[in-house]
Amino acid sequence: MGERVALIDYGAGNLHSVQNALRTVGAAVEVTDDPHKVRSADRIVLPGVGSYRACARGLKAIDGMVEALEERVQVGAAPFLGVCVGMQLLADRGVEHATTRGLGWIAGEVVRIEPSDPAIKVPHIGWNDVALMPHAKNHAVIEAGEAYFLHSYHFAASDPADIAALTDHGEGLVAAVAKDNMLGVQFHPEKSQAYGLALLERFLEWRP
Amino acid sequence: MTVRIRVIPCLDVADGRVVKGVRFVDLQDAGDPVEQARAYDAAGADELCFLDISASHEGRGTLLDIVKRTAEVCFMPLTVGGGVASVEDARALLLAGADKVAINSAAVARPEIVGEIAKKFGSQCVVASVDARRVAPAIPVQGEPPSDDTTPQAGGLRWEIFTHGGRKSTGIDALDHARRMADLGAGELLVTSMDGDGTKAGYDLELTRAIADSVSIPVIASGGVGNLDHLVDGVRDGHASAVLAASIFHFGTHSIAEAHKALRDAGLPARGI
């Protein structure tokens, strides 16, 4: 009974905390590096922390995984959630260390946060606003609130229509991207107490 | 609003139990770390920090179990420090469920460890500890021009890195060490005044500010908090991005909500409106 959430295991550091949070809100989570299981999953969650390049390489190193994700998410329209670097991987490319290709599902690139004010610290660490874009007010999953951020790079999305929420760290930074059945959050719902757990709960109910 | 000032309760853990040292001696047992962590999570702490002060190998094994059980019931970031001396130590803690590792004496003995862990797991999980004490400014030798060390940042004040709970001096200038940690890839600095620790006299604001102003990564102020004003001072005058405290929360003197409110009342961004 019930739906099966595939949590992609490609060596990302926050795998277990995302798994734990999803389980806490009642998900039947399958941690997997098997493309076949991704093809048959009802929902897909892509975690990720650390270096964009390492994460992109880790994902691509699993034979058939990118193809399976494309098939299930892009074609099959399964609800998808990317967390932190898992969200950034949706972009065309990341420029941490050297340019690395991402999945290219949501147009844009991942670039370093470069505040003009030296008092603004990087990494951006801590609780900050998730402020919805007007067109995202009725999104079924992302809601306005406070969430925990931890990142030095941010998703510079090319199309404002793909930006669901912003946060403020010296400048407006993308807090969430949303397009069709895909949602990516820069912050960590698994570390954002009640706000984060509620978001994961809504993701489990999402019928995009 | 902008990013909130983080209020971080810190639990000193030895052999599986929470203790809080006053100036790192006179330890007083005050409970089960997992239960404490759960309570702080429910109270809306912005993060939690465990510092392991176990002397024994067995104690360190216990720590991994505590971290694992804490990560299962807490949905806030967890930093774990104390005795992290290798990439393997960091990996074990991160796998157990820590989000960040704090590195202290190992980074004094061999600063490169910070870069190695950052390279492997990302800067976001590396907190470099800067444990410092005030030292007298070096006296210039007559007839010689004063060295750079004697014309320091904040009106003749100097701080040195100390290890072994503040007992052992290293001769390393604290600001130099802080900058080095940042350059090597630390994601943030945990700046502890070993003079202030346990005294309840407040953070060493000059130390905190001197470091915060000389690095581009966030600084967590630590050591000496006795009341809520000290938290405000740490941010306003110390330029810290986060404030760490132990006993004022631990013994119920103040709640996390009161700490957040004190910061907001001072016009600083904090959670819980």
Side-chain angles (χ1 to χ4, degrees), chain A residues 11-21 23-25 48-55 84-85 96-97 113-115 117-129 131 145-153 167-171 173 188-198 200, chain B residues 1-8 40-48 68 71-78 90-91 94-100 118-127 182 185-189 212-220 239-242 260 269-273:
Chain A
N14 59 343
L15 180 76
H16 294 293
S17 39
V18 173
Q19 178 189 15
N20 182 46
R23 275 193 180 151
T24 300
V25 296
V49 290
S51 138
Y52 189 95
R53 192 173 182 78
C55 284
C84 196
V85 180
E96 189 168 348
H97 307 305
I113 303 169
E114 284 182 347
D117 176 357
I120 302 284
K121 302 290 191 176
V122 178
H124 172 214
I125 305 180
W127 294 76
N128 206 339
D129 293 308
E146 287 173 316
Y148 188 87
F149 291 81
L150 179 53
H151 60 123
S152 298
Y153 289 77
T167 194
D168 175 14
H169 190 59
E171 57 179 317
L173 300 179
H188 289 273
E190 77 280 13
K191 294 288 161 186
S192 296
Q193 294 171 345
Y195 171 85
L197 293 178
L200 294 176
Chain B
M1 226 197 298
T2 178
V3 67
R4 317 300 193 257
I5 301 301
R6 286 171 283 151
V7 175
I8 308 174
Y40 280 124
D41 192 34
D46 298 316
E47 288 185 18
L48 186 68
K68 186 166 178 291
E72 278 168 11
V73 296
C74 286
F75 301 96
M76 63 180 157
L78 174 64
R91 184 198 306 275
L94 295 170
L95 277 177
D99 297 287
K100 314 180 200 183
K119 189 153 185 257
K120 195 86 191 166
F121 308 109
S123 286
Q124 87 290 334
C125 74
V126 181
V127 180
E188 54 192 321
L189 299 177
D213 288 355
S214 64
V215 296
S216 63
I217 59 177
V219 161
I220 305 163
H239 298 179
S241 301
H260 282 145
R271 281 170 79 204
I273 296 165

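Just so it is clear: chains get the letters A, B, ... in the order the sequence lines come, proteins before strands, and each one is counted from 1.
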Task: Straight-line distance of A:I125 CD1 to B:S123 OG, nearest 0.5 Å - done: 9.5 Å
Open item on the list: Among B:A42, B:S241, B:G187, which residue has the highest count of heavy-atom pairs closer than 4.5 Å to chain A?
Closed with: B:G187
Task: Smallest separation among heavy atoms of A:V122 and B:I217, with atom names - done: O-CG2, 3.3 Å
Open item on the list: The criterion is side chain to side chain donor-acceptor pair (under 3.5 Å); which residues satisfy it with A:R53, sequence neighbours excluded?
Closed with: A:T100
Task: Contact winner vs chain A - B:V73, B:L94, B:D41, B:I5, heavy-atom pairs under 4.5 Å - done: B:D41
- [ ] Give, as side chain, backbone, both or neither, the part of B:K100 having an atom under 4.5 angstrom from any heavy atom of chain A.
- [x] side chain
- [ ] Go through the atoms of A:E190 and report whether side chain, backbone, both or neither lie under 4.5 Å from a heavy atom of chain B.
- [x] backbone
Open item on the list: Within this structure, what is the CG-NZ distance for the pair B:L189 and A:K121, rounded to the nearest 0.5 Å?
Closed with: 8.5 Å
Open item on the list: How long is the straight-line distance from OG1 of B:T2 back to NE2 of A:H124, given to the nearest 0.5 Å?
Closed with: 6.5 Å
Task: Pair A:D129 + B:R4: basic N to acidic O under 4.0 Å - done: yes
- [ ] Pick one of side chain, backbone, both or neither for B:A45, based on which atoms fall under 4.5 Å of a heavy atom in chain A.
- [x] backbone
Task: Top contributor to chain A interface from B:D99, B:V219, B:V215 [non-hydrogen pairs under 4.5 Å] - done: B:D99
Task: Point-to-point distance, once rounded to the nearest 0.5 Å, from OH of A:Y148 to CZ of B:R6 - done: 5.0 Å
- [ ] Answer with side chain, backbone, both or neither: which region of A:S152 has an atom nearer than 4.5 Å to a non-hydrogen atom of chain B?
- [x] neither
Task: Which portion of A:L197 sits near chain B, non-hydrogen atoms under 4.5 angstrom - done: side chain
Task: Distance in Å, B:M1 CE paired with A:T167 OG1, rounded so as to fall on 0.5 Å steps - done: 10.5 Å
- [ ] Could you tell me which portion of A:P123 (side chain, backbone, both or neither) has an atom closer than 4.5 angstrom to a non-hydrogen atom of chain B?
- [x] both
- [ ] Would you please name every residue forming a side-chain contact (heavy atoms from CB on, under 4.5 Å) with B:A71, sequence neighbours left out?
- [x] none
Open item on the list: If I take atom NE2 from residue A:H188 and atom CD from residue B:Q124, how far apart are they, to the nearest 0.5 angstrom?
Closed with: 7.0 Å
Task: pair B:F121-A:V49: side-chain heavy atoms closer than 4.5 Å - done: no
